[in-house]
Structure formats: C-alpha cells, structure tokens
Amino acid sequence: MKDVKAWMKERLRRITEDALRRAIEEGALNLAKIPEFTIEVPQAKEHGDFAANVAMLAAREAKMPPRRIAEIITDRMEIAGSGVEKVEVAGPGFINFHLEPTWANGVIRIILEEKENYGRLDIGKGKKVQVEFVSANPTGPMHMGNARGAALGDALASVLEMAGYDVTREFYINDAGNQIENFGLSLEARYLELLGYESQIPEGGYHGEDIKDHMRELIEKEGDRFLSVDPAERRAYFVEYALKKNIERMKRDLENFGVRFDVWFSERSLHESGKVDEVIKLLTERGYTYEKDGALWFKATEFGVPKDEVLIRQNGMPTYFAADIAYHKDKFDRGFEWVIDIWGADHHGHVPRMKGALAALGYDPDKLTIIIMQLVRLYRNGEIARMSKRTGRAVTLADLVEEVGKDAARFFFNLRGADTHLDFDLDLAVKQSEENPVYYVQYAHARIASILRQAAQQNVKVPEKDDLAPSEMERLLSMLTCETEIELVKKLADFPETIRVAATTLSPYRIANYTLELASAFHSFYNVCRVLTGDEDLTKARLMLVKAVQQVLKNAFKILGISAPERM
RNA sequence: GCGCCCGUAGCUCAGCAGGACAGAGCAACGGACUUCUAAUCCGUGGGCCAGAGGUUCGAAUCCUCUCGGGCGCACCA
C-alpha cells in the first residue's frame, strides 16, 4: 500500500529511535530498552505535523523529567534531508515535528496512479470472512432496523474488502419455525375473512396489510378453491406462495437500497438436510445436552451463560437456537475463517449462548464476531412511531428509500456507530432532505466534475503520469502551498489510515465522517483558490489536486454505497 | 433482581483504541457571488464531557459505584 502518512510516521519513528539509541549509548539516558511510543498527529496546528510521546513514557525508568529526556533526544536527532523543518519540545514533554508544508503533496501522484485502488490495504491478507446481516424475518416487509443493518453491513463488508479480506455477504432466511406457523395461520385467517367467513388472526400472528394483499392477490388468481382443501395443506401452500413473494420483494428492496447478497441461506434447508439433527447429536455425543421436562437442553451454563437453553421442545420441534447452531457450524464448515453477524440489540442476550455452543462443538468462539446494533427509534409527527410490522403501520425500508432516497438514508445510517441509539425523525429527514449532509459531500464531487468539464472545454488537460517526467510532476505539485491546499492534501493522505481504522474497529461510520472532512477541506479550498487560472502550471497542479479529491470521494462513496453525481 | 448498550453545546452526534486549551453538523446571529455550481465559504455566541471515587506524569477516553434512558432475561424468532 502506498501511504505517505504511514511512511512519514515510520521515518520519524526511526529518527527518534536512532537519537534515543545514541543517547543511551552515550550514557545520557539510563534505559534498558526503547519504550513503545506513538507518532501521532497533534490536535492543534501549532504543535506541528506529528508528535512523539516517547519522553513521557521513558520518564519513570530513566528517572528524569520528560521535558529533559525530550531535549536529550532532540539534541541528537539527525533531520537533514528528512523533510523535517524543525523539532521542538513542548507541553509535558512531547517531541513535535514540523515538516516542510508540502511534505504530503506526493500523495496526489499516488492517487492519480492508483485510482479506485487508492486506500486498498492488505491487512486482511485474503482471509475468508463472512458478513451476515439484515436476515430480516421473511413474514413481512423490512423495517427501519433492517434498513440500518443493511446500510451498516454492506458498508462494513466493503470496508473489509478494501482492507484486503475476501468477503461474502450473506442473508439468513428464517423460513422455518413457529413464526412461519403463525404466518400461515394469519394468511389463512385473512383468506377466509376476504371470502366472507368469520375468522381470527391468532395470538402472535401478523396483522399487517401485506398479509391481506397477498391473499387478495391469490384469490384473484385462484379463487376460493382452498376453502375445501385440508387446512394444514392449504396453509403450507399459502406460506409457500407468500414467502416467495416476500423474499423476491426483499431482494428488490435491498437492490434499490444498493445492497446485494452473495448468498441467501435458507433456515429450512438446515432442517431438511438433517444438519439440525446432526448438530444436536454432536452436542449430545460431546455430553453437552440433557433431558428435562420432556425437552432436550443445552448445558449453556457450562459456558458462562446464566441459564441452560432448550434445543428440542417438548413437542419434538427444534428451537430457533438449535437451527442457529447448525447454521453457524455450517458457516465454518464452508471454510470461513472469520464470521461476523450483525444483530439487533434485542438479540444481544443470545451472544454468549451462541459462542458457548460453538465452543461446545470444538470451534473457536473468537472466530465469530457479533456486532450488536442498537435499535432505531422512529419519530413521526413528533411522536415515537412503533416499528413493529405487526401493527401494519411501520415505515418500511422501501418507504424510506422512496421518501428520503437511497443515498441520504445510507449515509445517515453510516454517520453513526452501531452502538448509538439512533433517533430517526422521518418528517425531518423528508423535509430536510435538501439539507442532508449527504448532499454536502456529493456536492463536492459534482463541483469537481464541473471544474473538469470546464477544463476540457478550454482544452486544458489534467496531466497523467505518462505526460510528465517525475521531476516535472514534483515541481508542479510543489506549487500547491497555500493553506487550504496543504490541508486538503493532508486529508487525502489520511484515507488509507481511515480505512485501516474502520476495518480494524469494524466501524464504517468512520468513512462517512471522513468524507465530510474531505468535502469540507475541498469546499474551503474552492472558496479561496481558483483552479482554472491564467497560470498554466498552477492550473495543472490544481487540476491534479481536485482530480485526486474526486477520486478519493468516489472511493469512499463506493464503500458507503452512495452515488457520485457528476452534476447536482 | 441480573445482563448488554447509551448519557459530551438548544438538537443529532464525533472525539482517531489515555495525551497538550473538548470538536462537527443542524438551529441562532453577522458577513462573502461581474470569475470554475452560494446545495458553498468566513466569522460570533453556546460545554463542571450525567455525578462521585480510583488507576496514571496525563482521563471525555480505562476501573468501581450512584443516578437517568434504551434493550434483553420464553419449550418466540
């Protein structure tokens, strides 16, 4: 990876370590070894471009005040030809490095060469990782929580891809179990009701308008012929029919949201293939089950879970948990080296038992990472709106895309970390869609596109790598010296590190925040510096700069799943 | 009662895996378009980082407790 910031940090680290080593050899400092210190970017500009905290960390062992240590080190630093203009000791004992202002300008050349690959890392080393997300209940349309999960999961998967992982996006279809029973009973009740018969949706059933719609449609197509069919048989048919429709619809809605899954995995297939029975048998063989009250239990307490969990109910049906164990075993058996699940906060209690089950099967529970996503609280007309699909009044993912737009919705969700409790004011989002931050970042992209169009009209070419000798390229880029240009270039140099942090902390929202910072730096630049000027060289240099900005915005947008408009 | 998450500016949230005076957007107020898109920029005001202890040279960040909010604790998924 070509990362000028990482290079510079490494160079400064070497300079610091060399000086420190000399000090130790000379006997000026009494240290057994060099402490693990950091080179970081100080918050305040006056503190320079980078700072080392080594003196504070060495103070205790060296039995000297940090500032004194810092002075001993800086006295022995060799900075000639390193791009360092000035080193100073400041505050409690920081060593601050002031660099030549244009130290990072080379990043522009790198970006223009690497294009969509700028920011790509190899920290994943091609490791096979699965991200399972959304996995919405297929008994109805997807709600706001699913929307958040979709935005988060897809961006996370993209970040990991960018970081060098081999990522598979997977959706687990809960097409078995109790809820499917209730789904069938609900469909049947609506069917009978629509045909004029008295019928009641069972407790725990689905009251949504979509249930009625399914049956209305079915009646149009096939009439009342199911009145005389055996109830169990006709419910199976209804379920089959509606499930197919719902899954198609989920695929379509997610597609419109810019989310595509590599694998749609059916829970039912686990039951049918015998994998659920198999995994229960395996747990039993390993001695982790017992029978009580006519049910089969998993000894979850042996893995630090507060209570044991049922695997097979008294009625002989396996629980969701049993299927989920089989599912996760299957994930690892398919060769995934790392599995990430994104779950809603209402499932957080199931994390320990899932990990416990994996441990019981002999798998490494640390290879399963479960991201708990706090729920979305939806406001409408100034009131908390219930999100349950069972009320039939919930705002769906499709509604959201229609009202707010894909880009705004995806950007909004990825502006915050998974563990923030998110308040989503729908009225505000709709009303203020013009003021949504997503337009701010996209506008930067469109503005650059406009500049590039103007340049093309004037027959001014953005120099490519082959058009210029390296020294000429360097000369042009060194012309970018005004403050807004320097700031903008530094932001560009931040991108690889942003990817790294986003990937290692599983926090795609950092990418969204980064785009805001980059766009802000660009807009500031734009208001101060004109790109197309009478000065041919300066024009070329600035064209390269804005082209690089556009490229990085595009790369970040791709991760976030938002579009990069040429005009707005 | 037990467990997980959260509590930073009027509002929504950052704070780069402990660092130097706490940031951004929105909202409020005041400025900037004869020049590449003003969906922009520049400036002003606004904070005992919920509270109390502790660890550390150094805490919004780590630990403990208290208070407040959300979510779990089914032979539902």
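In the text below, chain A, chain B and the rest are named by the order of the sequence lines, each starting its count at 1. Please read these numbers as outputs of a predicted model, since none were measured by experiment.
- For the pair A/R13 and A/F37, the cation-pi criterion (under 6.0 Å, within 45° of the ring axis) is fulfilled.
- As judged by a 4.0 angstrom heavy-atom cut-off over every strand, A/Y509 is placed among residues touching the sugar-phosphate backbone only.
- Taking atom CD1 on A/I511 and atom P on B/A14, their separation rounds to 16 Å, with Å as the unit.
- A/E566 comes within 4.0 angstrom of a nucleotide base, judged by non-hydrogen atoms across all strands.
- In terms of phosphate contacts, A/S520 brings no side-chain nitrogen or oxygen within less than 4.0 Å of OP1 or OP2 of B/A24.
- The side chain of A/R416 approaches B/A14 more closely than any other nucleotide in the set B/A14, B/C36, B/G19.
- If you check every strand for non-hydrogen atoms under 4.0 Å, A/A295 touches a base.
- Rounded to whole Å, the P atom of B/C13 lies 34 Å from the corresponding atom of B/U55.
- Taking atom P on both B/C48 and B/C11, the two are 12 Å apart, rounded to the nearest angstrom.
- Residue contacts shown for A/N96 include a base, since a base heavy atom lies under 4.0 Å away.
- In this structure, NZ of A/K491 is placed 11 Å from C1' of B/A24, rounded to the nearest angstrom.
- With the nearest nucleotide of RNA chain B identified for both A/L452 and A/Y440, A/L452 has the one nearer the 5' end.
- Taken to the nearest 0.5 Å, the CD1 atom of A/I280 stands 14.5 Å off from the NZ atom of A/K275.
- The interatomic distance linking A/F303 (CZ) with B/G3 (C1') rounds to 20 Å, in whole Å.
- Once the 5.5 Å centre distance and the 30° plane angle are applied, the aromatic ring of A/H348 is found not to be stacked with the base of B/G72.
- Nucleic acid contact for A/R60: sugar-phosphate only, since backbone atoms but no base atoms lie under 4.0 Å from a heavy atom of the residue.
- Scanning atom types as modelled, no donor and acceptor separated by under 3.5 angstrom connect the side chain of A/H523 and the base of B/A38.
- Looking at A/N178, its side chain has no donor and acceptor atom pair within 3.5 Å of the base of B/A74.
- Whole-Å rounding puts the A/Y514 OH to B/C13 P distance at 25 Å.
- Base-pair partner of B/A17: not found among the strands shown (Watson-Crick or G-U wobble, both distances under 3.5 Å).
- Annotation: cation-pi pair A/R353/A/F298 absent, no NZ/CZ under 6.0 Å from the ring centroid and within 45° of its normal.
- Taking the C1' atom of each, B/C71 and B/C75 are spaced 23 Å apart, rounded to whole Å.
- In this entry B/G3 has B/C71 as its Watson-Crick or G-U wobble partner, both defining distances falling under 3.5 Å.
- Base orientation of B/A14: anti, since the glycosidic angle falls outside 90° of 0.
- Within the shown strands, nothing qualifies as a pairing partner of B/U35 under the Watson-Crick or G-U definition with both distances less than 3.5 Å.
- B/C21 and B/A17 have their C1' atoms separated by 23 Å, with the value rounded to a whole Å.
- What separates CG of A/D494 from P of B/C16 is a distance of 14 Å, to the nearest Å.
- Taking atom P on both B/G23 and B/C29, the two are 25 Å apart, rounded to the nearest angstrom.
- Taking each heavy atom of A/N174 and A/Q179 in turn, the nearest pair found is O-NE2, 3.0 Å.
- Taking side-chain N and O atoms only, A/Y439 has no distance below 4.0 Å to OP1 or OP2 of B/U40.
- Using a 4.0 Å heavy-atom cutoff across all strands shown, A/A323 reaches no nucleic acid atom at all.
- A distance of about 12 Å separates the C1' atoms of B/A22 and B/A59, rounded to the whole Å.
- Note on A/R67: every side-chain N or O is 4.0 Å or more away from OP1 and OP2 of B/C57.
- Glycosidic conformation of B/C67: anti, with the torsion beyond 90° of 0.
- Under the 4.5 Å side-chain criterion, counting only non-hydrogen atoms from C-beta, A/H328 is in contact with A/D341.
- Shown here, B/A24 forms a base pair with B/U12; the pair counts as Watson-Crick or G-U wobble because both key distances fall under 3.5 Å.
- The distance between atom CD of A/E483 and atom P of B/C41, rounded to the nearest whole Å, is 16 Å.
- Side-chain atoms of A/N555 and A/Q551 form a donor-acceptor pair, as typed in the model, at a separation below 3.5 Å.
- Distance check on atom C1': B/A9 versus B/A50 gives 15 Å, rounded to whole Å.
- Residue A/T74 holds its OG1 atom at 11.5 Å from CD1 of A/I69, rounded to the nearest 0.5 Å.
- Judged by Watson-Crick or G-U wobble contacts below 3.5 Å, the nucleotide B/G43 has B/C29 as its partner.
- One atom, CG of A/L57, and another, P of B/G19, lie 12 Å apart when rounded to the nearest Å.
- When every heavy atom of A/E40 is checked against every heavy atom of A/T38, the shortest pair comes out as OE1-OG1, 3.3 Å.
- For the pair A/N53 CG and B/G58 P, the interatomic distance rounds to 15 Å; values are reported in whole Å.
- Nucleotides B/U8 and B/C49 place their C1' atoms 4 Å apart, quoted to the nearest Å.
- At B/C76, one or more side-chain N or O atoms of A/R313 fall inside 4.0 Å of OP1 or OP2 (strictly under the cut-off).
- For the pair A/L516 and A/R530, both in contact range of RNA chain B, the more 5′-proximal nearest nucleotide belongs to A/L516.
- Judged by Watson-Crick or G-U wobble contacts below 3.5 Å, the nucleotide B/A52 has B/U64 as its partner.
- Nearest to the side-chain atoms of A/H47 among the listed nucleotides B/C21, B/C36, B/A74 stands B/C21.
- Counting any heavy atom pair closer than 4.0 Å across all strands shown, A/V531 reaches a base atom.
- A 6.0 Å sphere centred on CG of A/N30 holds no more than 12 heavy atoms belonging to other residues, nucleotides or ligands.
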